[in-house]
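This report refers to the structure that appears directly beneath it.
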Number of protein chains: 2
Amino acid sequence: MPYATDDILQTLRAAREQTGLSQRDLSARIGVPQSHISKIESGGTDLRLSSLVELARALDYELVLVPRKLLPAVEAIVGGASMTLSGETRQRATVLNRAQAAVARLTRTHPDAAEFKRLDQTLRELANFQFGKADLATLRAVTDKLLKLPTGAAALPAAERASRQLRELRNRIAHALPEAPRPAYELDEEDDDA
Amino acid sequence: MPYATDDILQTLRAAREQTGLSQRDLSARIGVPQSHISKIESGGTDLRLSSLVELARALDYELVLVPRKLLPAVEAIVGGASMTLSGETRQRATVLNRAQAAVARLTRTHPDAAEFKRLDQTLRELANFQFGKADLATLRAVTDKLLKLPTGAAALPAAERASRQLRELRNRIAHALPEAPRPAYELDEEDDDA
DNA sequence: CATAGTGATGTGCTTAAACGTATCATCCTT
DNA sequence: AAGGATGATACGTTTAAGCACATCACTATG
């Protein structure tokens, strides 16, 4: 049943994909089953206002009632057609998201470790940048390391190494230096390259 | 249950009052009982998205999903706090609304009469003005005449008179002339004054 | 005072949203 | 080929929105 509310649902889906969240991620965030998110996004259900607002806020959106006369002005700001974002941008969002999740997990097991707060802060700063394929690979590799980290106290040195690598990445991008002095994805002792 | 959707409902109510519609008018327009409108506006129900959109459109509003980052910019345009409008503005909206309804009724019974289309056009133009107490009284009086008009063909001369009076009113306001040459509410042969 | 229009409430019925849980086909990545 | 993650569907239960009809107190208006 194609309601006249299609663009809202489309915006919702675009917003979710833009932030690199899966339907399951989002559903977990607001405490509903994934099946529900799917039904909503495909227009198979007629959302209640409270649900819509909750959903929108989880994606950092807000629901606004706009007089028709002012619609063009507002759409000029918001960007009317919710642009389909490039695959690269999506990958970047996804990996950043995974990294934050990994740090969050580690923080839960080590609430005392200051290194994790520093890591989280670095990740937030990285979220403001637009970076290339090599940078993406670096972030992806570091994230994988963080995800595989055991929850024991022995993880701290590895975490510190990851933290340092991410700060270097941030600084390089921030200062727009040409390229990494040595391959960015040569992270550790073991594996050497893609 | 004070949802986080209060401002939306408040905007809805403000929009309705601004256009001079009663809950019954609005309910008739979108085909729901008045009790439902009341429950909605008082936050006693959790609207479905389709209903909300329908309601908003009936009031010439549109529902838009705005990224939090752009919220200040959008609110600057829309006017954030839905200003409580003065009682005079409300009366003006109400009477204009009644007048349009009266003309619409007459048009239905006389689809051929060009005078009614002219009347409707004049009313639309008047809607763009801000007018004082005397003008309001004039409009109110003419509207009452139109409302009491029989549906027979004999109504045409009276309609023509009303049309002329409204055009004079519009011209006077548009050109900001000091005041009506003769009391605006001396409309017809019969009654003489308030 | 009577009448008409306003918004707020109440009661009952039908339908569907919300939710839990589970399965499915499809992609990638290993 | 095996593995994990993705989004789309299905089924059953509970709760409430939507709707209709009816009443109420309040306020202007004649």
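Per chain, numbering begins at 1; letters A, B, ... match sequence-line order.
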- Where B:L21 and B:R29 come nearest, the two heavy atoms and their spacing: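 In terms of heavy atoms, the two residues are closest at CD2-NH2, 3.5 Å.
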- Task: Using a heavy-atom cut-off of under 4.0 Å over every strand shown, decide if A:Q34 touches base, sugar-phosphate, or nothing.
- Result: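 Counting heavy atoms under 4.0 Å across all strands, the contact made by A:Q34 includes a base.
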- Remember a base hit wins even if backbone is also touched, and classify A:I37 as base, sugar-phosphate or nothing at under 4.0 Å, heavy atoms.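 Nothing, no nucleic acid heavy atom in range.
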What is the distance from [atom1] of [X] to [atom2] of [N], rounded to the nearest Å?
X     : N      : atom1 : atom2 : result
A:L26 : D:dA5  : CG    : C1'   : 16 Å
B:I40 : C:dT9  : CD1   : P     : 15 Å
A:I30 : C:dG20 : CD1   : P     : 11 Å
B:Q23 : D:dC26 : CD    : P     : 17 Å
B:L47 : D:dA16 : CG    : P     : 15 Å
A:E41 : D:dA8  : CD    : P     : 7 Å
A:D25 : D:dA5  : CG    : P     : 11 Å
A:L52 : C:dA17 : CG    : C1'   : 14 Å

- Most 5' of B:S51 and A:R16 on DNA chain D, judged by nearest nucleotide: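 It is A:R16 whose nearest nucleotide is closer to the 5' end.
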- Query: side chain to side chain contact (heavy atoms under 4.5 Å, CB included) with B:R48: which of A:D46, A:L52, A:L47?
  - Reply: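 Only one option passes, and that is A:D46.
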- Message: Consider side chain to side chain contact (heavy atoms under 4.5 Å, CB included). Of B:L12, B:V32, B:I40, B:L55, which one does B:L26 pass it with?
- Response: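 Passing option: B:L55.
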- Query: Is there a donor on the side chain of B:S35 or the base of D:dC21 sitting less than 3.5 Å from an acceptor on the other?
  - Reply: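 It does, because a donor-acceptor pair links the side chain of B:S35 to the base of D:dC21 below 3.5 Å.
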- Query: Is the base of C:dG7 touched by the side chain of B:R24 through a donor-acceptor pair closer than 3.5 angstrom?
  - Reply: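 Answer is yes: a donor-acceptor pair is held.
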- Item | Distance below 4.0 Å between B:S38 side-chain N/O and C:dA8 OP1 or OP2 |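 Affirmative; the distance criterion is met.
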- Query: According to a strict under-4.0 Å criterion, is A:S22 in side-chain N/O contact with OP1 or OP2 of D:dA5?
  - Reply: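 No, A:S22 has no side-chain N/O under 4.0 Å of OP1/OP2 on D:dA5.
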- Going by atom types alone, do B:Q23 and B:E41 pair a side-chain donor with an acceptor below 3.5 Å?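 Short answer, yes.
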Nucleotide nearest [X] (side chain, heavy atoms from C-beta), chosen from [options]:
X     : options                : answer
A:D46 : D:dT9, D:dG18, C:dA17  : C:dA17
A:T45 : D:dA20, C:dA17, D:dA17 : C:dA17
A:P33 : C:dC19, C:dA8, D:dG18  : C:dC19

- Relative to the 5' end of DNA chain C, which residue comes earlier, B:K39 or B:R48, by the nucleotide with the nearest heavy atom?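 That would be B:K39.
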- Supply the atom-to-atom distance B:I30 CD1 to B:D25 CG, rounded to the nearest 0.5 angstrom.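 Answer rounded to 0.5 Å: 11.5 Å.
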